[in-house]
Amino acid sequence: MVWTGTWVSDRLGIELAGDDELRGLLGLALRRNPKRAHLLVSGVLGKHVPQLPSVVHGHGVTLGRRVRALLGPEEAARAVVLGYAETATALGHAVADGLESAPYLHSTRRPVASVPSAGGFEESHSHATSHLLLPEDPAFFDRGGAAGRGPLVLVDDEFSTGNTVLNTLRDLHARHPRTHYVIVALVDMRAPGDADRLAAFGEETGARIDVVAHARGTVRLPDDVLARGLRLVEEQDGRTADPLVPCAPAVAPVRLELGWPAGLPDGGRHGFTPDHRDRLRQALPAMAARIVDGLGGPERAGRVLVLGFEELMYAPLVLAGALEEAGLDVRFSTTTRSPVLAVDDPGYAIRTRLAFPAHDDPADGPGERYAYNVAGGGFDTVLAVVDSAADTPALHAPGGLLAQLATAAPRVALAVVPAHTPAPRNPDRQEPPVLPAPLRGPDFSSYEPDDVGWLLQDLSAVRLEAPVEEREEAVQRGGAHYAESLPVEYQPTEEYQELYRDALAGSAARIARAVGTVTELVLAERSPRPVLVSLARAGTPVGVLMRRWARHRHGTELPHYAVSIVRGRGIDANALRWLAAHHDPADVVFVDGWTGKGAITRELADALAEFPGFDPEIAVLADPGSCVRTYGTREDFLIPSACLNSTVSGLISRTVLRDDLVGPHDYHGAKFYRELSGSDVSRDFVAAVEARFDEVADAVDQQVKEAASADRAPTWEGWAAVERISEEQGIHDVNLVKPGVGETTRVLLRRVPWKILARRGAGADLAHIRLLAEQRGVPVEERDNLPYTCVGLIHPRYTRGATGADGKAVGSA
């Protein structure tokens, strides 16, 4: 029999080395994923390859029995089992079945407002990364009684790099520390270095860590496998008709009533106890009999595929097993989010693919879903089993899952399992609605989708721009807040753009050094698994670069989101609520570009007083105001991203907060200026700095070493300087004094400037400032002993009738 990894191995040089059993368990396919070229395709998991349900369930139960023997009766009686969505949800259930007395939970990507998150983690190579842990029982992870917390058994289909498991262990050990962890997988494919990292975690925490797997081996990858794999996927796509364009008509499937027991959870999304398992086992024969009757008996049913739905694997699996016991010729597999290339070759693991739109209104937005190896499988009947949340018009629509299945089998049937949604723990509390997933490029912003998720609402269709002079007068008269409208985007002249390019070329290495320093400090002092949350929009390019540094230097994929904070109004509370539901607030690190006088630093600290768990300390690229202790530098130098507006920040506007646009359960808003794409340099800016990472690595290490022993306590020198300048200039309003190169640039681009104070001899860092000041007719005054490179002063008591630049005419207005 041809091994189903031959096609990929011959073309890309990928090799599987290990136990004799390995090739019987695994084949190879190519992902449609820029993070990882290959996919290990299990023949016994019941995900991509239809298999006998007894084989799928039996492999998991066998692993569970091995874990039980490893633990012994006493430890096994206190164990809890955690599986990974979506691929290992049924496998984890089956392992818990083998343990017999263990409750089970699997991670999920479906948030539920009534269930607070008990943790979360990232799966860095995945197409959909955020995992939530949403147990109905808040004490799920504390099971163990007087003897203390019992062992935690983590179940995944494959143990490859170990990154996902380590992310989970770190998150859960910080919340619910225990002394014993057991990692279970069908195959253990770790390299020696990956095994060393897991062992190091055990030494660090003092916990025992065991690994149980059916087979062990390694995957040998050529250095250029990712690029070659992507090219090969493109070549294959060019040779075949696009299978993603649905043409099947709407169909009316045979709808089967299961008689699912009332109150029985549909799976382990919120926990599945031994009592639940017993109830399900007792109900299975009757449910199987209803299915057989609904299909007209075994002969009419013919060869049956029971097709589960993404995370809903266990209920369809045991239903298929009951049909197998009843004598039907049945196989089991499920739909999936994973985009994989299909090649009709016996040496390739994914022969056919059906594509269809998501039909359960997923929290991360619409997208395509897939069913593999269904077409051409010789099935007479396909029984799709979904939960009630997925029984939507999209499921039944032309081109939907049921219509696509009708092209692959003569008969389609549907069974719906009631989706279990736990009741709120406090029934008197009004739960807010589930918040939407972050916006990502290219639909919102010009950044790569993985670079940043924007926790904002898209107001691109709303007219929000007003002339700078009108905005300034309204703000200073108290008739409007600056966040209620947007300035007209400044379009730089060719001369100014040339200054920007020169500034970037001259400062890219200095920026790279600051990026590396602040990122290393965050990793060393704040969290080994930080969730970067940039303050839109000045902080967002910095957050993107910090994420790139962590990946470049450590191979770590850090989550990065952008949120809105508004001076005088606080931070977006709904964005914080989303973050708390998807991540541990203790891991969140807020990121900004620079500090001026520290107003936003204080604003954030005040705003977070109502959100315990979040650390208010900001990490910044530059801290000339001495307002924070986590920074890349305290020099006041030109950060070229401050020279421009949206065209260096993903084409995203400033954030907007206005009552008629932003409701109590909405994110703050912003616009995506697609029309400015011809002038966009956002990716170019990131690439120019990232290109200097290697050359500054040694300097970063030295700076981090020096910073570790230095006194970095904030002195708030910047605030004191601003108060002094405000009084000296007769302004008497610190909000109109904007210190530092970045803030001065903002004054010239977005406000009505009065004058610029510049440190004598500042040089190239102020070239763009001088040009903007000249274009706007703003005087630049040279000063000695200025604590910043420059300071921008907004026109005090501004009205559109003010004509003077010396302040006297304005003062008498």
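The model shown is predicted, which means the values in this text are computed figures rather than measured ones.
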salt_bridge(Glu311, Arg269) N-O dist < 4.0 Å
yes

Less than 4.5 Å apart, side chain to side chain, heavy atoms only: is that true for Pro111 and Leu132?
yes

Hey, could you give me the CG/OG1 distance between Leu354 and Thr335, rounded to the nearest 0.5 Å?
11.0 Å

Does atom CZ (Arg65) have a neighbourhood of more than 12 heavy atoms from anything else shown, all under 6.0 Å?
no

Roughly how far apart are Ile350 CD1 and Tyr372 OH, rounded to 0.5 Å?
6.5 Å

Short N-O contact, Asp360 and Arg109, less than 4.0 angstrom
no

Nearest 0.5 angstrom please: Leu40 CG to Leu22 CG, how far?
8.5 Å

What are the two closest heavy atoms between Tyr104 and Gly92, and how far apart are they?
CE1-C, 3.4 Å

Apply side chain to side chain donor-acceptor pair (under 3.5 Å) to residues Thr336 and Glu310 and explain how you reach the verdict.
CA-CA 5 Å; Thr336 175; Glu310 296 186 30; over 6 Å; no

Polar side-chain atom of Arg369 near backbone of Arg337 as donor-acceptor pair, under 3.5 Å:
no

Determine the minimum heavy-atom distance between Val374 and Leu305, stating which atoms define it.
CG2-CD2, 3.7 Å

Is Leu186 close to Leu63 at the side-chain level, that is, under 4.5 Å between some pair of heavy atoms?
yes

State the NE2-CZ distance between His57 and Phe332, to the nearest 0.5 angstrom.
10.5 Å

Side chains of Phe379 and Pro50: closer than 4.5 Å at any heavy-atom pair?
yes

Do you know which of Asp156, Leu133, Val155 makes side-chain contact (heavy atoms from CB on, under 4.5 Å) with Leu82?
Leu133

Count the heavy atoms belonging to other residues, nucleotides or ligands that lie under 6.0 Å from CG of Asp223, then report whether that count exceeds 12.
no

Does the gap between the ring centers of Phe272 and His93 come in under 6.0 Å?
yes

Between Leu312 and Val386, the two heavy atoms sitting closest are CD2-C, 3.5 Å

Testing the basics here: between Val56 and Leu45, what is the closest heavy-atom pair and its distance to 0.1 Å?
CG1-O, 3.4 Å

Are the side chain of Arg23 and the backbone N or O of Gly5 linked by a donor-acceptor pair below 3.5 Å?
no

Who pairs with Ala394 by side chain to side chain contact (heavy atoms under 4.5 Å, CB included), at least two apart in sequence or on another chain?
His359, Thr392

For Asp224, does the CG atom have more than 12 heavy-atom neighbours from other residues, nucleotides or ligands under 6.0 Å away?
yes

So, using side chain to side chain contact (heavy atoms under 4.5 Å, CB included) as the criterion, who are the partners of Ala413 when residues are at least two apart?
Val254, Leu256, Leu295, Leu383

Ion pair present between Arg290 and Glu257, side-chain N to carboxylate O less than 4.0 angstrom?
no

When rounded to the nearest 0.5 angstrom, what is the spacing between CZ in Arg197 and OG1 in Thr161?
6.0 Å

Closer than 4.0 angstrom, basic N to acidic O: yes or no for Asp380 and Arg300?
no

Please output the side-chain donor-acceptor pairs of residues 317-326 that fall under 3.5 Å, not counting sequence neighbours, one pair per line with the distance.
from, atom 1, to, atom 2, distance (Å)
Glu324, OE1, Ser54, N, 2.9
Glu324, OE1, Ser54, OG, 3.3
Glu324, OE2, Ser54, OG, 2.8

State plainly whether the residues Lys47 and Glu86 are in salt-bridge range, i.e. N to O under 4.0 Å.
yes

Residue pair Gly399 / Gln404: nearest heavy atoms and the distance that separates them:
O-CG, 3.7 Å

Taking 4.0 angstrom as the limit, do Asp387 and Arg110 come out as a salt bridge?
yes

Trp7 side chain near Leu12 side chain, heavy-atom distance below 4.5 Å
no

Whether Arg216 and Asp19 form a salt bridge (side-chain N of Lys/Arg under 4.0 Å from carboxylate O of Asp/Glu) is what I want to check.
no

Heavy-atom closest pair, residues Ala96 and Ala102
CB-O, 4.0 Å

Separation of Thr273 OG1 from Phe140 CZ (nearest 0.5 Å)
10.0 Å

